[in-house]
Peer 1: 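The structure follows.
Start at 1 with the first residue, then count along the sequence.
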Amino acid sequence: MNVLKPASHTLTMIMVLFASAMSLGEVSRPEANSDDPASSAASDIVAYAWTDESTSSNGRASVGGPTLALNPDAVCFDVGGQIVVTVDMTASPYVISGAQFFLAYDESLAFVSIESVNEPFTNVLYFDWNEAARTIDYAVGVSPDGDGTSADSTFAFITFQTLEEACAEDTLVVFRPHDDPPTRLSDEFGNEVVPVLFDLGTVTFGVGPAIPGAPADTTVECDAVPVAPLTVSAIDNCDSGVIDAAYNGETVTPGVCTGDYTLTRSWSVTNACGQSTVATQIITVVDTTGPGINDVPADATVECDAVPAAPLTLPASDNCDTAVTAAAYDGETTTPGSCDQSYTIERTWTASDDCGNSTTVTQVLTVEDTTGPDVTGVPADVTAECDDVPLPADTLPASDNCDPTVAQASYDGETLTPGSCEHEFTLTRTWTATDGCANDGIATQLISVEDTTAPVVTCPTDLILECGDSIDPTDTGTATAVDNCDAAPAVTFVDDAVPGDCSVGVTITRTWTAEDACGNQQTCDQVIALVVIDPPSADDYDKHRYVSFYSGYRADGSVGVNYAYRVKSTTYPDLLTWVGAPDALNASYLECTPHYRDDWGIAPIHVGDQQIVPDAQYLIQAIRMGADILDEGAYSNPVAINTLVLWGDIVASYNGVDWGQPNGIVNFLDIYAVVLGFQHTPPAPPWPLLDIHGEIPNRNVNFNDIDATVKAFQGGGYPFDPPEVPCSP
């Protein structure tokens with residue numbers, strides 16, 4: 001193998017002692033006295049290095065020796081594990097151009113590989129591995145253009161595999177003795193290079209035992225001073241037995257405070273030859289630990305109205321200073337947040353020992369305002385009719401847990417949730433108060449609006465019509481309705497016609513129904529009596545408490561002219577009144593002011609009140625609208641009507657289908673006639689004769705009429721007071 005080395009350099013082999021593997025005891029290095037390789041002892045451990053320094057044949061070049069290091073160090077290896085040995089050169093004053101070493105390794109290892117990785121040792125000049133002898137010879141050098149290095153240089157990583165469990169020991173891999181110098185090296189010209197060897201002598205131990213078990217110097221905390229072992233292990237190069245070094249005690253050198261001082265401990269041992277060794281351990285005791293503080297309040301997030309008070313002291317203790325018992329409160333600092341009621345409080349407590357160590361603990365309180373204002377005076381949830389919904393308050397009282405400026409909540413308005421019909425719904429009203437941290441306090445009122453009130457329906461006036469007249473509502477009138485919520489309730493009607501031959505009279509009960517948008521209903525009845533009207537005489541309509549006549553009886557017999565009617569009593573000359581057209585279907589009352597009607601045909605006019613008394617005669621006269629009521633010539637010929645003497649005397653004898661006139665007595669025929677009319681059973685007398693009860697005719701022949709007739713039959717007298725004079729022309 002060629003040695004890649006410039007010819008201008010003198011190649012010198014220098015043998016150095018690998019002393020790092022022999023770490024026990026003091027190592028002596030005798031001076032070299034021969035350059036003959038054969039003169040070296042078989043136990044010499046040698047390695048070679050080439051330098052750029054020229055030396056004499058007996059000169060001495062100081063080159064740092066190579067070292068070995070296990071990686072990892074001081075651990076046990078399982079079977080199959082790997083051990084990597086690092087070979088490097090220690091610092092040398094010479095530029096190292098190449099190196100060669102000879103290794104031996106333990107039988108528990110199997111060689112795997114050598115890797116050269118670092119500059120300048122990049123060229124492998126020589127490699128010989130003897131598996132049987134378990135030796136490795138290896139040489140490296142720089143390239144022809146390289147400069148070498150004087151720094152620490154790692155030039156080989158040697159990898160072994162463990163064949164059996166083994167712990168890392170210096171003797172697993174060592175530099176082996178080499179009796180003959182290497183002769184297979186040459187320069188770049190092929191010239192054989194024979195290095196000069198310098199014998200460093202045989203490695204020997206010092207004069208006394210070694211005490212490898214002595215504890216090393218250390219620095220410890222005052223509460224962690226180790227206990228001194230009474231004996232430590234020792235070895236001797238001559239005494240093969242196991243020997244121990246005995247503990248001699250310790251001395252204390254005080255420091256600046258209680259927890260700072262120095263302990264000097266020693267162990268000594270003497271071998272069989274009387275040689276003694278003393279090992280010393282110096283323990284530097286320090287107190288660098290501050291006191292411990294207990295019961296530190298934990299960091300917390302709290303509401304602005306629930307900030308806890310800070311304790312003035314906290315329990316404390318020190319690892320060395322027993323006088324420390326409490327940490328003092330240092331105060332607090334406040335850091336503003338995003339609003340007045342949100343901020344951070346940092347509180348501190350401090351305890352110090354006599355060595356000046358102090359401990360400070362901190363509590364951080366994050367104060368926040370997440371609670372909205374409290375709104376009071378909120379109206380209770382209610383159920384209200386659709387026409388009785390209460391008005392909302394513009395503001396409500398409010399207060400906040402932290403913000404004193406909050407005094408009221410403002411009305412936000414309302415939302416409407418439809419219900420089952422137009423006038424039934426739910427109103428959700430809200431009021432909101434906001435504090436300085438933008439928290440809202442919201443109050444809500446629910447108003448359940450309902451429509452349970454039926455419309456008020458007013459029926460048209462009851463009517464007595466002649467058989468064959470129109471009963472269409474456009475002619476007989478339409479019911480009207482008003483509702484508390486519905487502006488236009490629906491109005492419908494249903495007729496309940498009483499069967500019968502119109503030739504003897506038919507009564508129709510027209511039921512009007514008003515229904516609002518929510519289905520609430522009210523009904524009223526309009527009675528339409530269809531009667532047969534024969535040319536009457538005045539006596540046909542003589543009554544006790546009211547006077548009935550037909551407007552067809554006018555002086556000139558004309559139609560389509562507005563008239564008013566004057567009613568005068570010949571029996572009681574002071575009784576005078578005016579009567580106009582009936583209001584709808586109700587009979588007109590006596591009036592002091594003329595009321596005109598437009599007569600388009602024969603229609604009944606009814607005069608009723610306590611003005612009408614039994615056993616009296618009344619004259620009814622028409623006057624044209626616009627005529628002077630004081631002008632007697634403006635009145636028509638009078639129609640005379642006599643009221644009966646007896647209360648309840650309605651008819652006389654019953655003859656077939658005709659009823660006779662009142663006969664001056666009240667008997668069963670009078671009762672029977674009213675009952676027939678009540679039952680709508682033909683043939684019954686005309687309605688005006690039968691409708692005798694009440695202050696005015698009510699257009700119904702009902703039980704009250706029967707009852708009145710029965711009372712008259714039983715002898716009951718006329719039950720009304722004398723009339724008063726209402727007015728005069």
Side-chain angles (χ1 to χ4, degrees), residues 462 464 498-501 503-507 509 525 527 529-534 536-549 569 571-572 575 586-587 589-590 604 606-618 640-723:
D462 292 347
I464 298 177
V498 175
D501 183 357
S503 63
V504 295
V506 173
T507 300
T509 300
D525 291 336
V527 177
L530 300 177
V531 300
V532 178
I533 298 178
D534 297 323
S537 67
D539 291 340
D540 289 340
Y541 298 98
D542 289 347
K543 301 294 293 195
H544 291 114
R545 294 190 60 222
Y546 64 88
V547 175
S548 295
F549 66 97
S569 172
T571 306
Y572 301 95
L575 292 179
N586 293 320
Y589 289 85
L590 292 172
H606 305 285
V607 180
D609 203 343
Q610 294 183 11
Q611 317 285 341
I612 307 301
V613 297
D615 195 20
Q617 185 183 65
Y618 289 87
I641 297 178
N642 296 314
T643 59
L644 300 180
V645 176
L646 292 178
W647 176 250
D649 183 18
I650 299 173
V651 295
S653 61
Y654 175 69
N655 183 18
V657 297
D658 298 322
W659 291 85
Q661 297 299 316
N663 56 7
I665 61 173
V666 179
N667 56 19
F668 181 78
L669 285 176
D670 300 291
I671 299 174
Y672 178 61
V674 179
V675 170
L676 289 177
F678 173 76
Q679 295 176 340
H680 305 288
T681 303
W687 170 84
L689 294 177
L690 304 179
D691 185 19
I692 65 172
H693 182 268
E695 293 182 359
I696 60 172
N698 58 9
R699 298 296 182 269
N700 282 314
V701 178
N702 55 24
F703 185 80
N704 289 326
D705 302 293
I706 299 173
D707 182 66
T709 307
V710 170
K711 287 182 178 178
F713 174 77
Q714 293 173 343
Y718 190 75
F720 305 106
D721 296 328

Peer 1: What's the separation between atom OG1 in Thr709 and atom CD in Gln714, rounded to the nearest 0.5 Å?
Peer 2: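 Taking OG1 in Thr709 and CD in Gln714, the distance rounds to 11.0 Å.
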Peer 1: Against Leu676, only a single residue in Ile671, Val701, Thr681 fulfils side-chain contact (heavy atoms from CB on, under 4.5 Å); can you say which?
Peer 2: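 Looking at Ile671, Val701, Thr681, the match for Leu676 under the side-chain contact (heavy atoms from CB on, under 4.5 Å) is Thr681.
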Peer 1: Nearest 0.5 Å please: distance from the CG atom of Asp705 over to the CZ atom of Phe678.
Peer 2: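 Between atom CG of Asp705 and atom CZ of Phe678 there are 9.5 Å.
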Peer 1: OG1/Thr507 to NE2/His680 distance, rounded to the nearest 0.5 angstrom?
Peer 2: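 So the OG1 of Thr507 and the NE2 of His680 are separated by 4.5 Å.
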Peer 1: Please report the closest heavy-atom contact between Ala712 and Gly648, naming both atoms and the distance.
Peer 2: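 For Ala712 versus Gly648, the nearest heavy atoms are CB-CA, 3.8 Å.
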Peer 1: Locate the shortest heavy-atom distance separating Leu690 from Ala684; write the atom from each residue and the value.
Peer 2: CD1-CB, 4.4 Å
Peer 1: Under the side-chain contact (heavy atoms from CB on, under 4.5 Å) rule, collect the residues that match up with Asp707, sequence neighbours excluded.
Peer 2: Phe703, Lys711
Peer 1: Restricting to side-chain hydrogen bond (donor to acceptor under 3.5 Å, both in side chains), what partner residues turn up for Asp525, sequence neighbours left out?
Peer 2: Thr511
Peer 1: Which distance, rounded to the nearest 0.5 Å, do you find between the CH2 of Trp659 and the CD1 of Ile650?
Peer 2: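 Between atom CH2 of Trp659 and atom CD1 of Ile650 there are 9.5 Å.
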Peer 1: Which residues satisfy the side-chain contact (heavy atoms from CB on, under 4.5 Å) test with Ala652, sequence neighbours excluded?
Peer 2: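 side-chain contact (heavy atoms from CB on, under 4.5 Å) check on Ala652 returns Asn663.
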Peer 1: Rounded to the nearest 0.5 Å, what's the gap from CD1 on Ile665 to CG on Asp670? Could you check?
Peer 2: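 Reported value, rounded in 0.5 Å steps: 7.5 Å.
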